[in-house]
Amino acid sequence: MIGTYYYPEQWPSKDWAADFKRMRAMGLRHVHMAEFAWVQLEPREGEFRFDWLDAAVDLAEANDLDIILCTPTATPPVWVALDYPDALMVRANGRRVTHGSRAQRCVNAPAFNRLAGRITTKMAQRYGQLGRVIGWQLDNEIGHYVNAPCHCPACERAFRQYLQARYGEIGTLNQAWGTDFWSQNYDSFDQIALPNPETLAYLPNEHALLDFRRFFSRSQARFLERQATLLRRHIAARAWVTHNFIAGDNQVHPRHVTGGLDLFTLTLYPVAGRFSGRTGAECFRIGDPMALAFHHDFARGHNGRWGVMEQQPGQVNWGPHNCRPFPGAVRLWLWTAVAHGAELLDTYRFRQPRCGCEQYHAGLIHLDGTSVTAGGREFSQVAAELETLAALVTAPTSSGAKMQRAAILHDWESLTALAIHPQTDRFDPVAAWLRYYAALKQLGFEVVVLSPERRRPLDLSRYAVLCVPYVDLVAPQWLAEWSRYVDGGGHLILSARSATRDRKGHFPKTRYGQWVMDLVGARLEGYDVLPVGQQGRIALPDGSTHPWEVWAEQWQPPADAEILATFGDQFYAGRAAAFQRDLGEGRLSLIGVDAAGLTERLVQTAIISRRPDRVPLPENCLFHTRGELGIFLNYADRPVRVPDHLHRGAPPLVGELNLPPAGVCIWRISGISRPDAGEASCSDTGGVL
Ligand code: GAL
C-alpha cells in the first residue's frame, strides 16, 4: 500500500483531475487528504463546507485511488484564536502563542476539545461510510515540537487532576516527591504549579518534572483516544484509525496511547541534517541505518500493525542543513520499511509548494506541477516492485524465512528520568541506548523492542539475547524476571546505570547499585564521568585501547568472571569496566562503560563469545526477512557484496549481489536457503501491504 499526501486546497481545482491521474499513473494506490484543511472545511464557526473535499474524493475514486482522510485539528483557523484564545497553548515564558503557524492548540483546553470534536464528527459523518476511505489519521505529529510542553491554566488543572489520580493523597505525593527537603511540602493538590524552568528560582524537583513529562505525554495520548472514539461512532468498522507519531520524539510516547489506534504510523525524515555520524563520506545523504531500523522495530512493537505515514521524498526545508539525498536512498528507505513489516508507505508530499510554508520541500512532482522528481521516480519504482513481489511479501513464513530473535527493553520512564538528571551534560540516554540496539542489529538479529511495563508477562525464553540498556527505574519483579531468564539459559546484557532506583525514582536504602550488584554477584566500586577535554582509556583483552569520556563504572567481579574490558588509567586503573559470568544455565554480561564504537564492540564480543556462529553484517548494512523474502539494504556509500551466508546461492529477484551504494538486493528464501535458525519473521507481526 503505497501513496502520497495531497492538499487539494492548495492547488487550483482545475489541476486536480490531472494530479489524481498522475498519482495513479505513477503506481500509487492511495491519496491522503484534508490534514490541515480546517479553515476550508469550517471557514466560520459552525459553517461547514464539504463541496470541495467531495469533489476531490470523487476524483480520487474515479482514478482508482484509496483514500486516507485526516482530521484537521493541528491547524485551527484564525477564528479559533480570536474567539477562543484559551484554546491556544502557552509557552514556558508565559506567552500564549498566536495564529500564523500550526500546532498552536492545547489538547487539554476545553474549548479546543469541543471545536475539535465537532469538526472530527462532521467529517466522520460525511465520509465515514465511503468504501474507498480505508483509514483515518488523527491530527498531525501530536505535541508542540520544540515548544512543548504547554503551560496554560487548563494544563495546570489537568496536571493536578493527574497527580490526584496517581497519588490519591497529598501526603503520598509529598513522600514521592521528597518534598521535606527545601520546604517543598504541599497541603493540597490545588497548590501545585507546573514545574517550569522559566519561573522556578533554581533547580526543579526532579520527581515533579518526571511526573510532568508523564502527564504531558499521557494527556496528548488521551486527546487521540477521545478523537478516535468520536470517529468510531460514524466510520466503517473496517477502516483503521492511526496517528502519525514523530519518529524518535521523546515528548510523546506512542505506548501511552492505550486504545483507539489500530495502526501506529511514523513520520520519517532520514536526511534532514541530523545524521548521527556513521562513517563514510556520503553516508549523511543515505541516512543512519541503525536509527531508521530502530524506528521501524519500535513502531512494530506496539501492536504489530504499523506503517510509514510520511517519508521524505527528496530535500526538505526545516533541517539544520537540507542536503540532497543520495540517488536511490528514497527507494532504500521504502524497502527498509517493507523489510521491517510496514503495511503502509506514504510520502509527504505530492507537489512541491510554490508559496506559503515549506516552499523548499521536495515532492514527488516538481514545481512545474507535471514532471516527476527523482524521489517520485523512486516511489514509482518501489510501487512496481511491490506489485510484482506482493505474494511473496505477504506469504506466511512456513518455508523457513526465519531470523534468530533478540529482545531489547526500552523503558521510556528510565530514559526520561536519566535525561532529566544525566549527571554529566554529555550523557545522552537515547544515544547510549541505541548503541545496544545497533550492536544487535549489526549481528543480524531480528530485534524485538519490548517495554518492561507489560500487561501480560512475556516468555523471555524465546529470545536468544535480552539486552537491558539503561533501565534505571525498576520494579522488583523485573529483576526477578531477568534473573529467571538467565537461570533458564538466556543471555542477559546489562548496561551501566542499571536498576539503581525504583519506579518512583527513589534510590533504595542500600549502597548505590546494590540491586544490580545482587543480580550479577559483583561489587560496584563507583562510577565516573570526565570533564570536557579529558579522556580515559579502556584496555581490551586483545591489547588494544579505546577512549571513553562520558560514563564508566568500576567493577570488582568475582574470580569466575571473564573480564571484557579494564580501565587503562585514572586512579582505578586495572578495575573492570565490563565483564561476564555464567549463571545457572545462562550468561550475564555487564557493560559498565559507554562510548561510541566501544559499547557496540563489547556487546558483540559478549554475544559472539557464546554464539560463535553470529557473523556481523558489513558496516552500514541491514538485513531482514519479510514473508518469503530476504532483503539486504546497503546504507554504505560504497559497493558492498551481499554475504554468502545470507543469500546461500539464491538468485536475486531485485538488485544484484554486488550492491551499489543505497542499493537493495532481494531474493526468495526457500527451505534449504534459510539465513538463520530461529523463531519467527516479521510477517508474524507485519500486516498486508
Ligand atoms: C512533518 C510534518 C509535515 C510536514 C513535514 C515536512 O514533520 O508532519 O506536516 O511539515 O514534516 O517535512
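First listed ligand is number 1; within each ligand, the first listed atom is number 1.
- For ligand 1, residues of the protein lying within 4.0 angstrom by heavy-atom distance are Phe36, Arg102, Asn140, Glu141, Tyr269, Glu310, Trp318, Tyr348, Glu358, His361.
- In summary, Asp637 and Arg285 do not engage in a salt bridge, as defined by a charged side-chain N under 4.0 Å from a carboxylate O.
- For His361 and Trp318, the gap between ring centers reaches or exceeds 6.0 Å.
- Arg102 and Tyr145 share a donor-acceptor pair across their side chains, judged by distance under 3.5 Å alone.
- Electrostatic pairing of Glu385 and Arg331 counts as a salt bridge here, judged by a charged N lying under 4.0 Å from a carboxylate O.
- Listed here is the closest heavy atom pair of Ala124 and Leu231: CB-CD2, 3.7 Å.
- Tyr470 is linked by a ring-ring contact (aromatic ring centres under 6.0 Å, His included) to Phe427, counting only residues two or more places apart in sequence or in another chain.
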